[in-house]
There are 2 protein chains.
Amino acid sequence: MSHQLSPEEISFAGVDFLPGLALDFVVFGFHQSQLKILLLEYRNTGLFALPGGFIRQDENLNDAARRVLAERTSLTDIFLEQFYTFGDLARYDAAPMRAIMEAKGITPTEDHWLLRRFVSVGYYALIDFTKAIPIPDSLSDTCDWYELTALPPLIQDHRLIVQKALETLRADLDRKLIGFNQWAAPLLSDMFTMADLQRLYETILGQPLRRSSFQRKMLSLGILERLDKKYSGGAHKAPYLYRFRADTTSG
Amino acid sequence: MSHQLSPEEISFAGVDFLPGLALDFVVFGFHQSQLKILLLEYRNTGLFALPGGFIRQDENLNDAARRVLAERTSLTDIFLEQFYTFGDLARYDAAPMRAIMEAKGITPTEDHWLLRRFVSVGYYALIDFTKAIPIPDSLSDTCDWYELTALPPLIQDHRLIVQKALETLRADLDRKLIGFNQWAAPLLSDMFTMADLQRLYETILGQPLRRSSFQRKMLSLGILERLDKKYSGGAHKAPYLYRFRADTTSG
DNA sequence: TTATTATTGTCGCAGAATGAGACAATAACT
DNA sequence: AGTTATTGTCTCATTCTGCGACAATAATAA
C-alpha cells in the first residue's frame, strides 16, 4: 500500500480511515504497442509499489477508489473495476514500510497504523496514457509508467496483484467484448486504425492474432464507426480511421 | 454479516478479529433441479441473512473463509471462490443488527463493534446438497436451504451479494469449463446421468439448452468417464452414468 | 510517368463448431 | 407383442474461424 497523504496524516494516524483496509491500483496505459502500469518509487529506497490509498469512514468503497485514483492520475470518469481482495498475512511485512518512512524522516512507533496488517482491495483501471498526469504521493518521489514486461521488483505481494489484474483484464476482454466502447476506449486515442486496435488486443492477450479474422470480427460486432482515411505518409494504402460508436443501447 | 460466535465473543468484542471486515457466503447447493443457497433466520425477527464470519488477526483471508464455511457446513475441501468485496455505506444499518441482538437478549452499547460499519468480502461456494449439515450460529435459530428463485427478504445488501455471486458463477461456468471436474462436481452426486448434468447447467444459466448439442459438447471435452447404465425403473431406455475423470493433468 | 514497396480491405475456401431436427435403440409397462 | 418415454447418435444446414490470396492504393524511387 502507498498513499496520497500529507506527513501530518501519516504521523497522526488514520482515524478518518477504515483501519486495516487499503486499496491498490493496477493502472493500465497503452503506448507504442506496450502495456504499461503506474508505479511509485519510494525515496532513497529503490522500492517500487503500486499506487494505493485508504477508505474514509464516511465513503463508499468504490467511491474511495475513484477518489484516490483521481488524486493519482488527475483523471475523472475513469474505467475502474474491482477485481480481487488480497488478505494473506505474508503480504504484511513491516520492514519495508518502516524503511520507507525512515527514509522520509519519520520514525514510526512499533505499532504505527501503517505498519500493521492490511487487507487490500485490488482495482484495475484503463486510462489514456497521454492524458494521465502521474502524481507522486508524499512518501514517494516518482510516479511513472513502467512496461508490464519489464517491471522493477515490487514490494510485498504487488507482483501477484499485477498478475491477477492482468488475468482479469484478459478474461474481461473476451467476456465484455460487447459494450467495449465504454471499455478499452481509454487505452486508445479517440480515433484509431484497425491495426492500432489489433495491436492493443495482441498486447493485452499476449499473443498474435490473424489480421483478416480480427478485422472481420471487429466489423461484424457493429461497435465501430468508420471515418475518413488516415494518410500517414507511408508508402502504402491509407487505412481507415475508426471510432467506437456512441449509441450502445444494444449490441 | 452473521457469525459463528459464542455470546461471550459477541459481548466482549472482536479483539481477535480484524475490525470492520467481514465475510459473507453464498453457498450454492443443487437439488431437484433447483439451485439453493444457505440462509440464516434470526431468532424472533423474521430477518434472513447470508452466513458470514470474521477474520482472525493471525489468519489469511482465504483461510478464514475456509474455516468459517467449514464451521457452517461441516464440510472441508469445499470449492470456494472469492468474487467481490462490498463496501457501500448504505449496507451498514445498525438497526436490524441491534434488533437481532436484542431479540437474543443482548443490549449492545451504542458503539458496539457489531453495529459499526463493515466491509464484507463475498465468497461463493459449491457444495453437495446431501452432504452439508447446516449449523445455525449463536444469533440465529435456523440455517437452511432456500430456493434461489424464492428467497425471503434479506437484510442489508445481501440480495445484491447473491445477485453478484450468481453472475460470477454463470461467467465462471463458461470460462472454466475445462477443469470443471474440480468444480461443479460438488453440486452433483458422484455419478450422474447426462440429463442430470444438463439440468444443472440449465438451472445455473437460467435457460434451456439443446439436448444433442449439450451431449456432444460434454463428450467432446473429454472430462467425463462413462460408467454402467442406470436402470431407473422408468419405461424407457436406461441412460449411462458418468463421472468426472480423475486425471486432469491437462484439458 | 512509370515501376516499386508496404500495407490495407476484402474475398474465398476448408475445417470446426453449433443449431435443429430425425431416428433407431431400449427399459419398463400394458 | 405393442406402447411409451427417454436416450445415444447421426445428419444437414448454418455459422464461425484459420489461413491464405489478391487487388487497391499511398508514398517513394527510377
Side-chain angles (χ1 to χ4, degrees), chain A residues 32-33 170-171 173-178 180 188-189 191-245 250-251, chain B residues 32-33 170-171 173-178 180 188-189 191-245 250-251:
Chain A
Q32 293 175 336
S33 297
R170 284 179 177 166
L173 189 63
D174 285 341
R175 223 152 32 93
K176 304 186 180 171
L177 242 178
I178 308 298
F180 192 67
L188 294 168
S189 30
M191 300 182 299
F192 47 88
T193 68
M194 193 60 78
D196 292 335
L197 186 59
Q198 183 173 348
R199 267 192 294 273
L200 172 61
Y201 266 74
E202 288 177 337
T203 305
I204 292 178
L205 296 177
Q207 59 180 350
L209 302 171
R210 329 258 151 237
R211 189 178 62 89
S212 60
S213 301
F214 182 80
Q215 174 134 343
R216 179 171 49 191
K217 181 83 176 171
M218 284 299 140
L219 292 180
S220 77
L221 289 175
I223 58 176
L224 296 181
E225 182 180 358
R226 181 175 279 181
L227 308 169
D228 293 335
K229 292 198 169 189
K230 179 189 181 186
Y231 295 88
S232 56
H236 54 76
K237 187 171 177 176
Y240 286 106
L241 285 171
Y242 294 88
R243 177 164 50 187
F244 288 112
R245 282 177 55 186
S250 70
Chain B
Q32 292 175 336
S33 297
R170 285 179 177 165
L173 189 63
D174 286 339
R175 223 151 33 92
K176 305 187 178 167
L177 242 177
I178 309 298
F180 193 66
L188 294 168
S189 32
M191 299 182 300
F192 48 87
T193 67
M194 195 58 79
D196 292 335
L197 186 60
Q198 184 173 346
R199 267 191 293 274
L200 173 60
Y201 266 74
E202 288 177 337
T203 304
I204 292 177
L205 296 177
Q207 59 180 351
L209 302 171
R210 330 255 152 241
R211 190 177 61 90
S212 60
S213 301
F214 183 80
Q215 174 133 343
R216 179 172 50 192
K217 180 81 175 174
M218 285 300 141
L219 292 180
S220 76
L221 289 175
I223 58 176
L224 296 181
E225 183 181 357
R226 179 175 281 181
L227 308 170
D228 294 334
K229 290 198 171 189
K230 177 190 182 186
Y231 295 87
S232 57
H236 53 77
K237 187 171 177 177
Y240 287 105
L241 284 171
Y242 295 89
R243 178 163 51 188
F244 288 111
R245 283 178 56 187
S250 69

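In what follows, chains are A, B, ... by sequence order, proteins preceding strands, each numbered from 1. Note that the structure is a prediction, hence the values are computed from the model and not measured.
Counting all heavy atoms, side chain and backbone alike, A/H236 lies closest to A/S232 at CE1-OG, 3.8 Å. Residues A/R210 and A/Q198 share a closest heavy-atom pair of C-NE2, 4.0 Å.
Atom CZ of B/R210 and atom C1' of D/dA13 are 15 Å apart (whole Å). Rounded to whole Å, the distance from CG on A/D228 to P on D/dT25 is 16 Å. The separation between A/Q215 atom CD and D/dC19 atom P is 18 Å, rounded to whole Å. In this structure, A/R216 atom CZ and D/dC16 atom P are separated by 10 Å, rounded to whole Å. If you take CG of A/L209 and P of D/dT17, they are 12 Å apart, rounded to a whole angstrom. Regarding B/F214, its CZ atom lies at a distance of 12 Å from the P atom of D/dG8, rounded to whole Å. Atoms NZ (A/K230) and C1' (D/dA27) sit 15 Å apart, rounded to a whole Å.
Scanning DNA chain C 5' to 3' for nucleotides with an atom closer than 4.0 angstrom to a non-hydrogen atom of chain A gives a first and last hit of C/dT5 to C/dG12.
Atom CD of B/Q215 sits about 5.0 Å away from atom OH of B/Y242, to the nearest 0.5 Å. To the nearest 0.5 Å, atom CG of residue B/L224 and atom CZ of residue B/R243 are 11.5 Å apart.
Distances from the side chain of B/Y240 to the nucleotides D/dA26, D/dG8, D/dG18 place D/dG8 closest.
Residue B/S220 is classed as having no contact, given no heavy-atom separation below 4.0 Å to the nucleic acid. B/L219 comes within 4.0 angstrom of sugar-phosphate atoms only, judged by non-hydrogen atoms across all strands, and of no base.
Contact check of residues 231-238 of chain B against DNA chain D (heavy atom, cut-off under 4.0 Å) returns B/A235, B/H236, B/K237.
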**Prompt:** Can A/M191 and A/D228 be said to form a side-chain contact (heavy atoms from CB on, under 4.5 Å), step by step?
**Reply:** CA-CA 10 Å; A/M191 300 182 299; A/D228 293 335; over 6 Å; no

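For A/R170, the side chain to side chain contact (heavy atoms under 4.5 Å, CB included) partners at least two apart in sequence or on another chain are A/L166, A/I204, A/L205. Qualifying ring pair (Phe, Tyr, Trp, His ring centres under 6.0 Å) partners for B/F214, counting only residues two or more places apart in sequence or in other chains: B/Y201. Shown here are the ring pair (Phe, Tyr, Trp, His ring centres under 6.0 Å) partners of B/F192, two or more places apart in sequence or in another chain: B/F244. The side-chain hydrogen bond (donor to acceptor under 3.5 Å, both in side chains) check on A/T193 picks up A/D196, with sequence neighbours excluded.
The residue among B/P239 and A/S212 whose nearest nucleotide of DNA chain D lies closer to the 5′ end is B/P239.
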